[in-house]
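To start, the structure itself, in structure tokens.
Labels below follow one simple rule: chain letters A, B, ... track the order of the sequence lines, proteins then strands, and each chain is numbered from 1.
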Amino acid sequence: MASTSVVLSPRPNPPGARPGPTANKARGLALLNNNHKVVGSPAPMPASTPGHGGLDLAEQMNDEVRQQFVSGAKLGEGTYAIVTAGHYRHDPSKLVAIKKIKFNAEFKDGIAPDAIREIKFLSELSHPNIIKLHAVFSTKEQNLSLVLEHLPLGDLDGLWRNKSITYGGADIKAWANMMCQGIWFCHENYVLHRDIKGSNVLIAADGTLKLADFGLARSFADPGKKMTTLVITRYYRPPELFYGCSYYGGTADMWSIGCVIAELTQRQFFLPANTDMEELALICDTFGTPTEESWPGVSLLPFYVSPGEHFGAELKGKGRSAAKMAKPMSWWRAKFPLLGEDGLDLMRGMLTMDPQKRFTARQALEHKYWTNLPRPTKKQNLPKEGGGELKVGEDLKRKGGETPQAATGRADKVARKLDFGSM
Amino acid sequence: MSKQPTRANGASTKRLAEDGGASTLSKTLHSLSLQQGPRARSLADPSSDICPVCKSSRYLNPNMKFRVNPECYHKMCESCVDRIFSHGPAPCPIAGCARTLRRNKFREQTFEDLKIEREVDIRKRVMSAMTKQEADFETLRDYNDYLEQVEEITWNLILKVDVELTESRLRRWEEHQKAELNLAPSRREPESLPTDHPTLKKGVVQRKAPSASSGSMLDTSANKDDKDTGFTFRGLKKRVAPPKEAPFDPFDGWEITPQYFVQQDDYEVDWYQTFKKDPAHLVAMWDVRDYASRTLREAFGGFGIFIEDEINARAIPSMNAGIGTEQAAVAAVMDVNMEDVF
């Protein structure tokens with residue numbers, strides 16, 4: 001075509017040398033199965049010839065994809081999925097992780113929504129800081145298998161738990177930047193991740209962080225469409241979701257990112273609580289009770305209770321309010337010495353109660369923290385012991401919204417009640 | 001030969017004394033000497049147990065420790081060091097030395113032989129200045145010549161040949177290396193200028209100085225190359241400064257700009273205006289502009305994508321099915337296109 005030199009429309013302009021336009025396009029339709037071994041002639045393409053042992057075209061194509069991979073040792077098994085290590089058949093050095101989603105009795109007639117979401121968004125997003133989906137195929141028992149990038153070094157959660165390694169401010173900066181880039185790219189392509197936490201940020205062999213587990217992701221909502229508020233693992237859930245706000249945007253993910261940065265710095269969970277009420281109380285303790293002044297419109301949210309209304313009755317007469325004060329700056333400085341003033345400013349920007357004042361991913365990446373000293377550690381020098389392959393198996397098999405350590409608690413299932421009516 | 005029998009005699013008389021049930025006094029003396037025995041043997045030189053300054057011996061003071069000052073390597077006991085040098089620098093008390101020593105320079109000796117102690121110190125000093133490696137030279141021969149020259153400098157210092165000259169050259173070489181490392185030649189020049197007038201603290205005079213001595217500056221810069229560096233080595237490559245790192249880019253070079261549409265700040269449509277002002281939507285940063293840009297991109301994002309071409313291009317096996325490390329390594333270079341997200 002004559003117009004091949006046209007630069008394609010809203011396309012991210014990645015750094016480095018750009019391959020020619022035709023090379024770009026080669027990846028176009030063959031998005032998922034992009035090393036699709038096409039038989040020289042377009043023979044399998046003209047459709048419904050029931051050759052090949054009575055398989056229809058879809059089955060043939062599926063078989064072709066499945067044949068490309070060899071699965072190996074099992075890395076983990078959960079109620080939701082089985083994760084195995086694997087590799088390409090033609091090149092055993094190209095490793096992959098195969099996530100086989102178990103048959104779900106709840107969704108007899110189709111695919112579990114988690115899998116749909118994961119496939120849909122991972123096949124759309126291609127960025128160094130987002131886990132890559134190589135291919136999808138199904139097996140005889142109607143089980144879906146997702147062929148994901150092989151990330152052998154565990155996750156951020158395992159990293160801060162591993163007390164045998166030490167890291168400093170520059171390392172945290174490098175990790176925070178990679179997370180922000182990943183989430184920025186999601187948001188720039190109108191995808192909300194909705195389950196960011198330490199154990200969903202995996203570490204590649206070269207130290208790159210990759211956002212994984214898009215089982216709760218969705219695209220930005222249409223106007224007037226309600227979104228479910230029961231998403232995001234509790235420790236990382238922003239206050240507007242606790243207050244039952246159904247219209248939220250990318251800033252909900254930014255709260256989670258802020259929590260992960262805080263967690264990395266302190267090497268412990270930042271706001272751990274056993275129930276949603278406790279979590280909200282903890283947030284109010286730390287950031288102060290939101291009021292109309294600090295967060296315009298908060299009183300409109302369905303579950304918001306203004307501090308004077310129910311609890312502050314006995315205090316009212318004494319001229320005091322039940323509203324809690326935010327922790328002073330000195331508290332933050334004492335708790336997060338590794339971040340420095342800039343880092344603290346950025347983290348507190350992400351952890352702002354009012355989502356309108358909270359940093360968006362773009363604002364976060366434009367912050368001066370990144371360019372100020374110390375320079376973020378280079379990937380090859382970052383500590384990488386995030387728990388290894390088995391931890392990744394644990395992470396991938398888990399459903400979204402579950403806390404890693406306690407899957408037995410009564411309230412743990414809450415996050416799974418998704419409102420699919422709004423999809 | 002003549003000594004041998006006398007010593008044998010002495011030993012035999014001693015043995016006699018032992019055998020011939022002597023007095024208790026001689027017995028205690030004997031046991032003392034036995035105790036002393038192993039220690040005396042371990043230190044080859046018996047005089048090493050006696051401080052040359054105060055003449056106290058380890059026999060009387062078992063906790064005695066000896067100190068040495070690298071200025072002159074004269075040994076003395078700790079109490080002497082404390083006594084003589086606690087009030088500031090003082091001359092060495094050893095006769096005929098008279099170098100001024102400072103207390104903080106005194107240290108325990110590592111090697112029993114003070115000559116070795118001194119040589120090791122000198123070698124440390126020379127090696128700290130002479131840090132060139134084989135890679136810094138054109139040929140192996142040049143490198144070997146350099147090593148030989150370094151050894152010559154070392155031996156000059158050890159054997160005290162031309163100490164003053166060698167030291168000053170070594171110092172100049174060190175300065176030269178440091179200046180090269182810092183890449184601040186402008187700062188070095190005024191310092192190396194001969195200051196024939198006392199430097200005043202007034203800025204005016206200091207600023208004048210270079211221009212005043214500009215005439216002499218020519219010849220200093222002319223012979224700077226052979227003199228100022230202290231040493232010259234054949235085949236030494238010029239130090240190449242490592243390329244300066246580009247400032248950190250938080251976006252890592254990525255940008256997403258729509259090319260087929262321009263989004264306006266506002267649209268005069270009823271529903272747009274409604275949602276723009278709806279407090280329930282505003283409260284948690286649900287932004288109608290996000291919606292507008294998403295719909296625009298979904299509508300126009302497919303421009304410039306030609307499905308026919310892509311089907312044809314499919315036949316060419318693409319090289320981008322990387323994984324793990326490989327994938328991530330090349331990700332920043334080539335594998336990050338995604339023109340067909342929508």
> Taking the side chain from A:Ser294 and the backbone from A:Pro290, do they hold a donor-acceptor pair closer than 3.5 Å?
Replying inline: no

>> Less than 4.5 Å to any heavy atom of chain A: does that hold for the side chain of B:Pro247, its backbone, both, or neither?
In response: backbone

> A:Phe185 vs A:His127 aromatic rings, parallel, tilted or perpendicular, using cut-offs 30° and 60°?
Replying inline: tilted

> Taking only residues two or more places apart in sequence or in another chain, which ones pass salt bridge (charged side-chain N to carboxylate O under 4.0 Å, His left out) with A:Lys368?
Replying inline: A:Asp342

>> Does this structure show an ion pair linking B:Asp266 with B:Lys276, if we count only N-O contacts that are shorter than 4.0 Å?
In response: yes

> Side chain, backbone, both or neither: which part of B:Phe275 has a heavy atom under 4.5 Å from chain A?
Replying inline: side chain

> So which of A:Pro238, A:Gly250, A:Ala221 has the largest heavy-atom pair count under 4.5 angstrom toward chain B?
Replying inline: A:Ala221

>> If I measure from the heavy atoms of chain B, does A:Ser219 come under 4.5 Å with its side chain, its backbone, both, or neither?
In response: side chain

> Going through the checks in order, is the ring pair (Phe, Tyr, Trp, His ring centres under 6.0 Å) test met by B:Phe137 and B:Tyr146?
Replying inline: CA-CA 9 Å; B:Phe137 289 90; B:Tyr146 160 79; 4.9 Å; yes

>> Need one label for A:Arg358: side chain, backbone, both or neither, based on atoms under 4.5 Å from any heavy atom in chain B.
In response: neither

> Say you draw a straight line from CH2 of A:Trp184 to CG of B:Asp252; how long is it, rounded to the nearest 0.5 Å?
Replying inline: 10.0 Å

> What about the rings of B:Tyr260 and B:Phe303, do their centers lie closer together than 6.0 Å?
Replying inline: yes

> With a 4.5 angstrom heavy-atom cut-off, which part of A:Asp354 approaches chain B: side chain, backbone, both or neither?
Replying inline: side chain

>> Between B:Asp290 and chain A, with a heavy-atom cut-off of 4.5 Å, which part of the residue counts as in contact: side chain, backbone, both or neither?
In response: both

> Of all the residues in residues 121-133 of chain B, which have a heavy atom that comes within less than 4.5 Å of a heavy atom in chain A?
Replying inline: none

> Can you say whether A:Lys378 sits under 4.5 Å from chain B via the side chain, the backbone, both, or neither, judging by heavy atoms?
Replying inline: side chain

>> Quick check on the interface: out of A:Glu240, A:His187, A:Gln181, who has the most heavy-atom pairs with chain B under 4.5 Å?
In response: A:Gln181

> So which part of B:Ser293 gets closer than 4.5 Å to some heavy atom of chain A, the side chain, the backbone, both or neither?
Replying inline: both

> In terms of the angle between their ring planes, are B:Trp173 and B:His176 parallel, tilted or perpendicular, with boundaries placed at 30° and 60°?
Replying inline: tilted

> For A:Pro223, is it the side chain, the backbone, both or neither that has a heavy atom under 4.5 Å from a heavy atom of chain B?
Replying inline: both

> Side chain, backbone, both or neither: which part of B:Phe251 has an atom under 4.5 Å from a heavy atom of chain A?
Replying inline: both

>> Please classify the contact between A:Ala252 and chain B as side chain, backbone, both or neither, with a heavy-atom cut-off of under 4.5 Å.
In response: neither

>> Counting only non-hydrogen atoms closer than 4.5 Å, does A:Gln356 touch chain B with its backbone (N, CA, C, O), its side chain (CB onward), both, or neither?
In response: both

> Measuring heavy-atom distances to chain A, does B:Leu282 have an atom under 4.5 Å in its side chain, in its backbone, in both, or in neither?
Replying inline: both

>> Using heavy-atom distances under 4.5 Å, tell me whether A:Leu241 contacts chain B through its side chain, its backbone, both, or neither.
In response: neither

>> Just so I know, are the side chains of B:Trp254 and B:Asp249 near enough to count as touching, which here means a heavy-atom distance under 4.5 Å?
In response: no

> Between A:Leu300 and chain B, which part of the residue has a heavy atom less than 4.5 Å away: side chain, backbone, both or neither?
Replying inline: side chain

